[in-house]
Amino acid sequence: MGRIEYIQKQQKEHSRKVIGALPVHYPKEIFTALDVVPVEIWGPPGPKAGEGAGLLQTYICPIVRNALSFIRSGKADIVDGLLFPHTCD
């Protein structure tokens with residue numbers, strides 16, 4: 001089962017909300033307690049920098065740039081919400 005199929009199964013069969021989160025110190029335990037499925041967004045394959053590059057300072061790390069580009073491309077629209085913890089100092 002792929003990632004998209006897993007997310008859809010959690011939403012449809014188990015009525016769980018799915019939150020996309022950048023993979024840096026987010027509250028996994030709280031999501032679990034609330035029966036919410038966290039999905040980490042690392043900036044998966046797809047656009048690199050592109051859409052996200054012009055919206056951020058030049059010194060922002062690639063994880064954030066790629067994740068923002070991925071989100072802006074619409075490929076993360078399957079999640080019910082997004083969490084952006086403090087990332088890449």
J.: Taking side chain to side chain donor-acceptor pair (under 3.5 Å) as the definition, give me every residue that meets it alongside Q8, ordered by chain and number, with sequence neighbours left out.
T.: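 Here no residue qualifies.
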
J.: Could you tell me whether the side chain of P27 reaches within less than 4.5 Å of the side chain of L83, counting heavy atoms only?
T.: yes

J.: Could you point out which residue of Q11, K12, Q10 forms a side chain to side chain contact (heavy atoms under 4.5 Å, CB included) with H14?
T.: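 Single side chain to side chain contact (heavy atoms under 4.5 Å, CB included) partner of H14 among Q11, K12, Q10: Q10.
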
J.: What is the minimum heavy-atom distance between L22 and A67, and which atoms define it?
T.: CD2-CB, 3.2 Å

J.: Minimum heavy-atom separation for Y6 to M1, with atom names?
T.: CA-SD, 3.4 Å

J.: Report the C-alpha separation of I19 and Y26 in whole Å, then their side-chain angles, then the decisive distance to 0.1 Å, and conclude whether the side-chain contact (heavy atoms from CB on, under 4.5 Å) test is met.
T.: CA-CA 11 Å; I19 298 294; Y26 63 92; over 6 Å; no

J.: Do you know which two heavy atoms are closest between G20 and I41, and how far apart they sit?
T.: CA-CD1, 3.9 Å

J.: Between K28 and E40, does the salt bridge (charged side-chain N to carboxylate O under 4.0 Å, His left out) criterion hold? Intermediate values first, please.
T.: CA-CA 10 Å; K28 293 178 189 177; E40 293 183 356; 3.7 Å; yes

J.: Report the C-alpha separation of D80 and V36 in whole Å, then their side-chain angles, then the decisive distance to 0.1 Å, and conclude whether the side-chain contact (heavy atoms from CB on, under 4.5 Å) test is met.
T.: CA-CA 10 Å; D80 298 301; V36 172; over 6 Å; no

J.: Walk me through it: do V39 and F31 pass the test side-chain contact (heavy atoms from CB on, under 4.5 Å)?
T.: CA-CA 10 Å; V39 175; F31 288 138; over 6 Å; no

J.: Given the rule that I, L, V, M, F, W and Y join up when any side-chain heavy atoms are under 4.5 Å apart, are I7 and L82 in one cluster?
T.: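 Result: yes, single cluster for both.
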
J.: Distance check, rounded to the nearest 0.5 Å: L34 atom CG versus R16 atom CZ?
T.: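 Going from CG on L34 over to CZ on R16, the span is 12.5 Å.
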
J.: Please tell me whether V37 and I4 are part of a single hydrophobic cluster in this structure, the criterion being side-chain heavy atoms less than 4.5 Å apart.
T.: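 Both belong to a single hydrophobic cluster.
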
